[in-house]
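Positions are given from 1, in the same order as the sequence printed here. Side chains included, hydrogens not; waters and symmetry mates left out as well; all remaining heavy atoms used.
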Amino acid sequence: VYYDKNKQDFSAKNNIQFYLRNSHVYTGTISEDGSFTIPAIYLQTIKKGDAVRLNQANGTSSGTQIYFDTLIIDQSRVPDTEYQALVDFYHSMNGPGWNTKWDVSQNDLHEGAWHGLTIEDGHIVSIRLGNNRLNGEIPSSFSNLKHLRHLYLEGNYYNQHHLKGNSMESLSTLDNLEYLNLKCSQLQGSVPSTWGKLSKLKELYLSYTALTNLPDELADLTALTAIT
C-alpha cells in the first residue's frame with residue numbers, strides 16, 4: 001500500500017486513507033511488518049458489496065488509489081436466538097415506521113451489521129437507535145441478547161420515542177449491560193427493582209421521561225458512576 005512507484009519501494013511510512021461508501025472514515029500509517037490495519041470501530045457498519053478504497057495521502061505516490069471490487073465479510077454467524085430477538089424488537093417497536101429500517105427477512109448479520117448494531121465474535125454487543133422513531137414495547141425475547149453492553153434508545157426533546165408497557169422489565173436480565181440510555185422515551189411509572197441485578201451497569205440516562213421512582217436496589221450497583 002505504501003510504495004514509491006519509481007523505485008518499487010514499499011518502505012515509506014506515508015498516510016493511507018480508508019474510504020467506505022465514498023466517505024473518508026479513517027487515516028492511518030503502515031506498520032513495521034508492512035501491513036495496514038483498520039480499527040474495528042471503523043468497520044462496524046460495513047456490508048457485503050460496499051464500495052471500499054484506499055488512497056495514499058502523501059509521498060511520491062500521493063493520490064494512488066486501490067479499489068476493492070469484491071467485498072466479502074467473514075464473521076461468525078449470529079445465533080438464531082439473538083437474530084430472533086432483533087426481529088421481535090423490530091416488529092414490536094414499529095420498525096416499518098423507523099427513520100432507518102432493518103431488513104429482517106433473513107439472518108444475514110454475519111455479512112454486515114444492520115443500522116445501529118455492533119457485532120463482536122458473532123454476538124450483538126451494542127444497539128444504538130437514537131432518534132429513530134421507536135414506538136412500542138421491548139419484547140421479552142430481548143433478554144436473549146446476553147452479550148449486549150450498550151443500549152441507546154433515546155429520543156430527543158422534539159422527537160421523543162414512545163416506549164411502552166413492560167419495556168423496562170425486559171432489560172433486567174441483560175447481565176453484561178454497561179450503558180443504558182432511555183432519555184426522551186416517554187416511559188412511565190417506576191424503574192423496576194430488578195434493575196438492581198444489572199451489576200455491570202456504569203451509566204444510566206432516564207431524563208425527560210415520566211418515570212416517578214428509582215428503587216433502592218440501584219444503590220447496590222457499585223459500577224454505576226452516572227445517572228441522570
Measure the spacing between [atom1] of [X] and [atom2] of [Y] and express it to the nearest 0.5 Å.
| X | Y | atom1 | atom2 | answer |
| --- | --- | --- | --- | --- |
| L171 | L153 | CG | CG | 8.0 Å |
| W195 | E169 | CH2 | CD | 9.5 Å |
| I138 | L187 | CD1 | CG | 7.5 Å |
| L204 | L182 | CG | CG | 7.5 Å |
| S126 | I119 | OG | CD1 | 10.5 Å |

Inset, instruction - Sequence neighbours left out, what passes side-chain contact (heavy atoms from CB on, under 4.5 Å) with K101? Give chain and number order. - result: Y90, W98
Check: [Y] main-chain N/O paired with [X] side-chain donor or acceptor under 3.5 Å:
| X | Y | value |
| --- | --- | --- |
| H24 | Y19 | no |
| E137 | P139 | no |
| T209 | Q186 | no |

Inset, instruction - Keeping to residues at least two apart or across chains, list the side chain to side chain donor-acceptor pair (under 3.5 Å) pairs with something in residues 174-184. - result: N176-K200
Inset, instruction - Check whether the side chains of D80 and N107 place a donor and an acceptor atom closer than 3.5 Å, and report yes or no. - result: yes
Inset, instruction - Answer with yes or no whether the side chains of D88 and S141 bring together a donor and an acceptor at under 3.5 Å. - result: yes
Inset, instruction - Following the transitive rule for hydrophobic clusters with a side-chain heavy-atom cut-off under 4.5 Å over Ile, Leu, Val, Met, Phe, Trp and Tyr, establish whether L163 and L211 coincide in one cluster. - result: yes
Legend entry - R53 to Y67 - nearest heavy-atom pair and separation: CD-CE2, 3.5 Å
Inset, instruction - Indicate the atoms forming the closest heavy-atom contact of L198 with L221, along with that distance. - result: O-CD2, 3.2 Å
